[in-house]
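Below is one structure, written out as structure tokens; the observations come after it.
Order of the sequence lines sets the chain letters (A, B, ...), proteins ahead of strands, with each chain counted from 1.
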Number of protein chains: 2
Amino acid sequence: MNEPRYRRRKEDRPAEITAAAFEAFAENGYDATRVDDVARRAGVSKGLLYLYFKTKEELFKAVIRNFIMPMVDALKTEVESSELSAEAFLRGPFLDFAKRVPKSPAKILVRLLIAEGPKHPDLTAFYWDNVVSQGLSALSQIIEKGVRDGSFRQSALNDFPQLLLSPVMFSIVWSIVFQSKHALDTDKMLEGHIDMILRAIKRNDDQTGAA
Amino acid sequence: MNEPRYRRRKEDRPAEITAAAFEAFAENGYDATRVDDVARRAGVSKGLLYLYFKTKEELFKAVIRNFIMPMVDALKTEVESSELSAEAFLRGPFLDFAKRVPKSPAKILVRLLIAEGPKHPDLTAFYWDNVVSQGLSALSQIIEKGVRDGSFRQSALNDFPQLLLSPVMFSIVWSIVFQSKHALDTDKMLEGHIDMILRAIKRNDDQTGAA
DNA sequence: ATGATTAATGACTAACCAGTCATTAAGAGA
DNA sequence: TCTCTTAATGACTGGTTAGTCATTAATCAT
């Protein structure tokens, strides 16, 4: 009956607290999240939390780091190890990724970045270095590969790989803001987007396909 | 030397306060904005502010309404009064609009909507009714017009006019989060986007043009 | 066993801030 | 000029919360 009040598991604590904090920040954003609430979710006292994280802000940054790293690593390996043609990569792994993100909990990071980024320049810098610039250069590689082997023509995508990502971002924002009231079939939209892009940039060997 | 402490200009006050609040909310977001600060910016006491706006939240909503309404009205008139072909409209007024928004102060509203929307369902609903759904249906009209007169083929844009807007949203988010450190030529990107879209959806009478 | 070490607690405080209200003075009317 | 209405003030309060610290109890070393 008397649950052990003290557990003493120094190694696990930070990860447990970070996970709880992720939940809390995701639900409420930075300001509205109470440190007490994070501690309670982690089954830990506030004092202990402050033993591992000096301030609320440091905790916030730890959350971002912890949950972004794995995603980026996964994407990079996928890109680099793939032997698919550029088109096949866009229709396959890239589309999968694009469909997955707006449904994953990680979408919340976008909200946090937009909402809190301007107040935390170092966090934004971290995000840039570890996520955005790497993601964009991976996409550029794919596109250039397609151009080199003659299957894609030169297009705006060469200068702006962002255009591949913008509907993904849009899906995320939509799902955060409107999804509950105004469902959007993001999977279909993203498929349509890839179809359109490919129709625009493929050299005309054949000119069929896609709705 | 003794500036008049009391000015008594009942009619101007609400607009002055809303303008000050827009600045403050834009800089700091909702939670971090102090009502005292808004009052100071408006050159007014906090007590007076509470004479015109019952709560901070009501003030926030007034800000959104005040700054969104004119934009939407402008866009709607433009769409409805235009006699241009679908392609000309996309390359002209629509592209202008798309270029303008990410540079205007109104872009901040997107940040506020993403950050605070989930906590303010009625505000989100207002935004939907007055901005998003109207904007989308205007775009749908344009696209259908192009399809009807045979210049566009059926495409993903028929189901997802959002695809036209996603790079605009992307530009806004980029400019909020990264612009200071990593400039993006949003004008060029948006031009490239329209070029690609048109290449994808135009029926092949001619198949030349655009980089 | 027994002290030494340190993970963990939670009551406390110092600061902050949305919203109130008793008071002041500007302008309107007579 | 005097009175009445109301725009405008700003000190105050009640509630909230990030961060602290004196204390407690697991675990470890001997």
| task | Test salt bridge (charged side-chain N to carboxylate O under 4.0 Å, His left out) on Arg91(B) and Glu191(B) and set out the steps. | result | CA-CA 8 Å; Arg91(B) 288 197 190 277; Glu191(B) 284 165 18; over 6 Å; no

Can you tell which of [options] lies closest to the side chain of [X]?
X	options	answer
Val44(A)	dT9(C), dA8(D), dG19(C)	dT9(C)
Leu48(B)	dC17(C), dA8(C), dA7(D)	dA7(D)
Leu51(A)	dA18(C), dA8(D), dA8(C)	dA8(C)
Ser45(B)	dT9(C), dT20(D), dT9(D)	dT9(D)
Arg34(A)	dA18(D), dA8(D), dG19(C)	dA18(D)
Lys46(B)	dA8(D), dA11(D), dG19(D)	dA11(D)

Once you round it to whole Å, what is the distance between [atom2] of [N] and [atom1] of [X]?
X	N	atom1	atom2	answer
Glu11(B)	dG27(C)	CD	P	12 Å
Tyr30(B)	dC17(C)	OH	C1'	12 Å
Tyr50(A)	dA22(D)	OH	C1'	18 Å
Arg13(B)	dT9(D)	CZ	C1'	12 Å
Asp36(A)	dA11(C)	CG	P	11 Å
Asp37(A)	dT16(D)	CG	P	15 Å
Phe53(A)	dT20(D)	CZ	P	15 Å
Leu49(B)	dA7(D)	CG	P	15 Å

| Residues which pass ring pair (Phe, Tyr, Trp, His ring centres under 6.0 Å) with Phe89(B), listed by chain and number, not counting sequence neighbours |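 With neighbours one apart ignored, the set is empty.
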
| query | Does OP1 or OP2 of dA8(C) have a side-chain N or O of Tyr52(A) closer than 4.0 Å? | reply | yes

| request: Establish, yes or no, whether a centroid distance under 6.0 Å links the rings of Phe25(A) and Tyr30(A). | output: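 Between Phe25(A) and Tyr30(A), the centre distance is under 6.0 Å.
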
| request: Answer with yes or no after comparing the ring centroid distance for His193(A) and Phe160(B) against a 6.0 Å cut-off, counting only values under it. | output: no

| Salt bridge check: are Glu57(B) and Lys119(B) linked by an N-O gap of less than 4.0 Å? |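 Not counted as a salt bridge, because no side-chain N and carboxylate O are separated by less than 4.0 Å.
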
